[in-house]
Amino acid sequence: MPALSAGSGSDTGLYELLTALPAQLQPHVDSQEDLTFLWDMFGEKSLHSLVKIHEKLHYYEKQNPAPILHGAAALANDLAEELQNKQLNSEIRELLKLLSKPNLKGATIKKDEHTGAVVVARIMRGGAADRSGLIHVGDELREVNGIPVEDKRPEEIIQILAQSEGAITFKIIPSIKEDVPSKEGKMYIKALFDYDPYEDKAIPCKEAGLSFKKGNILQIMSQDDATWWQAKHEGDANPRAGLIPSKHFQERRFALRRPEVLVQPLKVSNRKSSGFRRSFRLSRKDKKTNKSMYECKKSDQYDTADVPTYEEVSPYRRQNNEKYRLVVLVGPVGVGLNELKRKLLISDTQHYGVTVPHTTRARRSQESDGVEYIFISKHLFETDVQNNKFIEYGEYKNNYYGTSIDSVRSVLAKNKVCLLDVQPHTVKHLRTLEFKPFVIFIKPPSIERLRETRRNAKIISSRDDQGTAKPFTEEDFQEMIKSAQIMESQYGHLFDKIIVNDDLTVAYNELKTTFDKLETDTYWVPVSWLHS
Ligand code: 5GP
């Protein structure tokens, strides 16, 4: 053992000092008994280990280390699995043993300052403690492998754990307050964007990331970290959580990335009544030719405040005595949305209903109030607009036309399914507990299929004020596809179902099945729709 003098420089390691101490003290100790005692005490292996650890920690503390990985328990599991498949040499065996030690398997303990009890401080998601489901944050530890631990310090308990091999038994007094979410308390979110950890430069460990697609339902396993949450896919049998960017972090990044203008202004076109409720669609042509026809508020189109990240959701199943969910249909001009809606309506007029719009124009002789329109004065219309009574409204030939929220209510009050087709930017105003809207996007097929399937069909032209039906032009197809793309990229996170209207009969059947299921199946809806 090297003999070093106690004062040999400020950087003398504590460990080296300890090793040298018995020899240094020898001249000052008289009895052999005392000397043996000192040798034993300072030679104690565990003391050396502790001092060694202390020195290491001190060294790293100075370097200001930052954790590189949040899902350490999950990684340890993965690594152990990988190693099992390798040829076992002594190093691999040792690593496997280390990885199986309980201190690496996912829980930390602390002494409660007030009660002095030893309690579970943290559970690593996906680790052994977590997966067992038997240990929870706040639980009081009474015995480990039959050894009472009430009066032991956490370090002593770790020691007991470290020395145990194989199965470990704990005696635990469950905490009274539920720290870990119970079955009902589980938190689910709907992802409103696509995420691939391998494309994410910011994630601390790509392998620990969880990839997901817009519309996926994720279960939140931990939000302890403000930047990286832990989550898993709902219903996934694999218990291991993965990292996802937190809502706050994603919002911040999105705000920085967001291009100046994502949408082109939406304009309403006028169209001839097709026997049912008219629809008001997106058309660039209207912008040029019909300037004053319909102005939507700028704030409605450029919704910079709403960054689609995640939405907290809960399962919801409509009860028999409940009103039907409002069904909102969106899609570009000419996609066949009205045709589909009409087919659905006539399939069961008792079951499906549409809203009656308001207008300020004079009633024509063959019209009845409350059938084609609800006829009201300009003054009343303007007051109603001020009071936000309209879902949408527009001006046409010096008269107002609009769909009121009450007109939706009156369809639902008749215990009918209300079919509403609106521009997608109005959807967010309808997303309330009262309406629980289910949004269906009617999407055009490829341009080749449009040419084939619409060869003999006609589009109600929005280019002239007459609203006459004309054969589709190549330009109509291109415009339809383009506006569908804009709608999907801008509002896709609000769509519950996308139906491609390639063959009309096939699309109709899909729509019908969707409606039937909507009345009986369970859906994920925003949590705010479930509690008033
Ligand atoms: P008409 O006066 O010939 O019945 O309808 C003229 C036009 O008013 C329709 O072609 C349609 O574009 C528009 N219109 C009818 N109802 C509504 C509505 O509820 N909202 C909006 N914005 N326009 C409507």
Side-chain angles (χ1 to χ4, degrees), residues 265-298 300-301 326-335 337-339 341-342 345 353-378 380-412 418-427 429-430 435 437 458-470 483 487:
L266 299 174
K267 283 282 168 182
V268 164
S269 66
N270 66 317
R271 316 172 80 210
K272 261 272 163 305
S273 160
S274 48
F276 293 93
R277 165 81 165 66
R278 292 124 291 246
S279 98
F280 325 98
R281 319 239 128 235
L282 172 88
S283 164
R284 276 183 300 142
K285 297 288 174 329
D286 294 334
K287 207 170 118 192
K288 290 180 213 146
T289 57
N290 248 326
K291 283 197 189 74
S292 65
M293 198 166 64
Y294 181 75
E295 306 289 345
C296 37
K297 279 178 274 149
K298 263 224 148 52
D300 285 341
Q301 301 158 19
L326 169 65
V327 179
V328 178
L329 299 161
V330 294
V333 185
V335 74
L337 189 153
N338 275 299
E339 185 66 21
K341 193 170 78 166
R342 182 170 44 223
L345 270 170
V354 286
T355 53
V356 179
H358 285 68
T359 184
T360 59
R361 80 148 163 76
R363 188 174 62 81
R364 291 174 190 150
S365 57
Q366 76 285 9
E367 290 174 340
S368 328
D369 192 15
V371 177
E372 290 84 4
Y373 290 104
I374 298 161
F375 297 94
I376 58 169
S377 70
K378 259 197 170 149
L380 187 53
F381 199 107
E382 280 163 1
T383 317
D384 284 354
V385 168
Q386 289 299 314
N387 294 329
N388 290 321
K389 298 228 169 163
F390 286 102
I391 295 165
E392 63 81 42
Y393 69 94
E395 208 179 330
Y396 175 66
K397 291 194 174 165
N398 288 326
N399 278 305
Y400 294 127
Y401 294 83
T403 306
S404 72
I405 300 173
D406 279 343
S407 70
V408 174
R409 290 193 180 114
S410 72
V411 176
L412 296 174
C418 180
L419 312 177
L420 185 70
D421 67 299
V422 286
Q423 291 177 29
H425 75 270
T426 62
V427 169
H429 301 298
L430 297 165
F435 294 134
K458 291 199 168 139
I459 184 170
I460 310 220
S461 173
S462 56
R463 282 168 222 168
D464 56 52
D465 262 16
Q466 308 312 308
T468 46
K470 289 181 180 160
S483 76
M487 283 185 182

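One-based numbering, in listed order, for ligands and for the atoms of each.
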Are there over 12 heavy-atom neighbours, none belonging to Lys378, within less than 6.0 Å of that residue's NZ?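 Check passes, neighbour count above 12.
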Subset of ligand 1 atoms that lie under 4.0 Å from at least one heavy atom of [X]:
| X | answer |
| --- | --- |
| Gly394 | 22 (N) |
| Gly402 | 18 (C), 19 (O), 20 (N) |
| Thr403 | 19 (O) |

Under the side-chain hydrogen bond (donor to acceptor under 3.5 Å, both in side chains) test against Tyr400, which residue among Glu395, Glu382, Arg361 passes?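 With Tyr400 as partner, Glu395, Glu382, Arg361 yield a single side-chain hydrogen bond (donor to acceptor under 3.5 Å, both in side chains), made by Glu382.
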Does only the side chain of [X] get under 4.0 Å from ligand 1, or the backbone, or both, or neither? Count heavy atoms.
| X | answer |
| --- | --- |
| Glu392 | side chain |
| Arg361 | side chain |
| Tyr401 | both |

From Asp369 atom CG to Ile374 atom CD1, the distance as rounded to the nearest 0.5 Å: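 Answer rounded to 0.5 Å: 7.0 Å.
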Approximate separation, where rounding is to 0.5 Å, of Thr355 OG1 and Arg409 CZ: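 Result: 13.0 Å between the selected atoms.
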Heavy atom of Arg364, distance to ligand 1 below 4.0 Å: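 It does; at least one heavy atom falls under 4.0 Å.
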List the residues meeting side-chain contact (heavy atoms from CB on, under 4.5 Å) with Ser410, not counting sequence neighbours, and say none if there are none.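 Listed in chain order: nothing, the list is empty.
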To which of Tyr373, Tyr400, Tyr396 does the heavy atom nearest atom 5 (O) of ligand 1 belong?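 It is Tyr373 whose heavy atom sits nearest to atom 5 (O) of ligand 1.
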For Phe390, which residues count as a ring pair (Phe, Tyr, Trp, His ring centres under 6.0 Å) partner, sequence neighbours excluded?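 In terms of ring pair (Phe, Tyr, Trp, His ring centres under 6.0 Å), with neighbours along the sequence ignored, Phe390 is linked to His358, Phe381.
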